[in-house]
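Remember, it's a predicted structure, so these values are computed and weren't measured experimentally. Order of the sequence lines fixes the chain letters, A, B, ..., with proteins taken first and strands second; residue numbering starts at 1 for each chain.
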Amino acid sequence: MPELPEVETVRRGLQPVMEGRRFTSVQTRRGDLRVPFPNDFAARLTGRRVVKLRRRAKYILGDLDSGETLVIHLGMSGRMLVHTESTRKKLGNYGRHNGAIMSDADKHDHVVMETDAPARIVFNDQRRFGLMLLVETAELDEHKLFKGLGIEPLGDAFHAAFLTKALKGKKTPIKSALLDQRVIAGLGNIYVCEALFRARVSPKRQAIKVRPDQIALLAPAIKSILREALKAGGSSLRDHKRTDGEIGMFQHRFKVYDREGEPCPACKTKIKRLVQAGRSSFYCPNCQK
DNA sequence: AAGTAGTCCTGAGTGC
DNA sequence: TGCACTCAGGACTACT
């Protein structure tokens with residue numbers, strides 16, 4: 001999916017057309033996402049103002065003036081595209097502002113929202129692994145999607161000492177431990193691979209056996225990878241797009257991800273791929289121990 | 001309790 | 001040009 005840098009890039013793109021703005025109309029065009037929309041989804045959203053647009057893990061959260069929070073998850077292939085006068089040309093003419101004509105509507109456009117920015121915001125998701133929900137803001141932390149979520153890797157509370165504690169007793173490979181959203185919330189397959197390479201830690205090493213000197217490299221490596229990716233607007237392989245339709249650029253800076261058979265940028269050894277818990281891991285068998 | 005397959009869905013890419 | 005097959009940035013459920 002979009003991982004943390006991609007989700008944050010999307011949040012930043014949505015902020016000017018959502019935060020402080022009101023939804024003037026909401027249309028759900030296809031309801032059978034991974035988690036189906038409640039029947040009254042559009043009614044509960046229409047007329048509401050977004051007080052704050054924030055992010056938790058890979059979720060975008062829009063706190064509404066009604067006391068509910070709009071929860072958005074992009075799944076593997078979700079996009080939020082913003083159509084304004086200035087982006088209309090690039091994204092295509094998506095029908096008249098308040099009219100029913102949607103000539104360029106894609107069959108995977110599942111939700112169309114208008115705000116008084118004015119802007120039209122479209123949630124598009126080919127694979128329908130994403131979701132949009134409305135949850136009472138006061139109950140958000142206790143909601144099953146958020147209750148068990150781990151720490152934010154870009155926050156001050158995430159550092160080597162935290163990681164040491166978090167990995168303690170875990171026999172699972174470090175790769176799987178870092179992907180576990182209950183430990184660190186927001187990391188996905190790409191950035192875990194890249195962070196492990198940067199810290200020279202093998203994805204196969206058991207979490208419990210990652211040495212202190214390796215953890216001292218790993219925690220800052222996670223932070224720096226995420227920060228650099230964020231600065232580049234995220235990574236676009238197939239699906240991720242910014243709200244203006246542009247792609248992210250960080251994929252050009254991958255050292256190991258999706259580079260099986262290519263020479264390691266550090267030592268020229270061929271990069272290997274292996275499957276762990278059903279996900280591909282890419283690593284340099286010489287550099288990463 | 002912890003770890004790992006199977007599952008949801010569509011589309012792109014590959015090899016015959 | 002077509003068909004069969006594999007794979008994909010996530011994460012939940014159900015097993016061992």
Does this structure show an ion pair linking [X] with [Y], if we count only N-O contacts that are shorter than 4.0 Å?
X	Y	answer
A:E152	A:R56	yes
A:E8	A:R12	yes
A:E194	A:R253	no

Atom-pair distance ([atom1] on [X]; [atom2] on [N]), nearest Å:
X	N	atom1	atom2	answer
A:L133	C:dA11	CG	C1'	14 Å
A:Q126	C:dG10	CD	P	16 Å
A:L33	B:dC9	CG	P	11 Å
A:K168	B:dA2	NZ	P	15 Å
A:I208	B:dG3	CD1	P	10 Å
A:I190	C:dC7	CD1	P	17 Å
A:N124	B:dC9	CG	P	17 Å
A:D180	C:dA11	CG	C1'	11 Å

Compare the minimum distances between each of [options] and the side chain of [X], then state the nucleotide with the smallest one.
X	options	answer
A:T172	C:dA8, C:dA11, B:dT4	B:dT4
A:Y59	B:dT4, B:dG11, C:dC12	C:dC12
A:N189	C:dG10, B:dG3, C:dA11	C:dG10
A:K58	C:dA11, B:dT4, B:dG11	C:dA11
A:R128	C:dA11, B:dG3, B:dC9	B:dC9

Is the base of C:dG10 stacked against the aromatic ring of A:F129, taking ring centres under 5.5 Å apart and planes under 30° as the test?
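Yes; centroid distance and tilt both under limits.
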Between A:F37 and A:I121, is there a shared hydrophobic cluster once you connect ILVMFWY residues whose side-chain heavy atoms come closer than 4.5 Å?
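Linked within one cluster.
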Please confirm whether any donor atom in the side chain of A:R34 sits under 3.5 Å from an acceptor in the base of C:dA11, or the reverse.
no
Is [X] touching bases, backbone alone, or none of the nucleic acid, heavy atoms closer than 4.0 Å?
X	answer
A:S235	base
A:D239	base
A:Q276	nothing
A:R273	sugar-phosphate
A:Y257	sugar-phosphate

Return no unless some side-chain N or O of [X] is found under 4.0 Å from OP1 or OP2 of [N].
X	N	value
A:S280	C:dA8	yes
A:K175	B:dT4	no
A:H73	C:dA11	yes
A:H108	B:dG11	yes

Pairing partner of B:dC9, by Watson-Crick or G-U wobble and under 3.5 Å for both distances, is none
When rounded to the nearest Å, what value does the distance between P atoms of B:dA1 and C:dA11 take?
23 Å
So which atom in A:C193 and which in A:F282 form the shortest heavy-atom distance, rounded to 0.1 Å?
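Shortest heavy-atom contact: SG-N, 3.7 Å.
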Looking only at atom types and distance, does a side-chain atom of A:E114 sit under 3.5 Å from a main-chain N or O of A:S25, one as donor and one as acceptor?
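Answer holds: no.
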Here's a test of your reading of the structure: between A:K144 and A:R127, which maps to the more 5' nucleotide of DNA chain C?
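With A:K144 and A:R127 compared, the 5'-side residue is A:R127.
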Relative to the ring of A:Y191, is the ring of A:F254 parallel (under 30°), tilted (30 to 60°) or perpendicular (over 60°)?
perpendicular
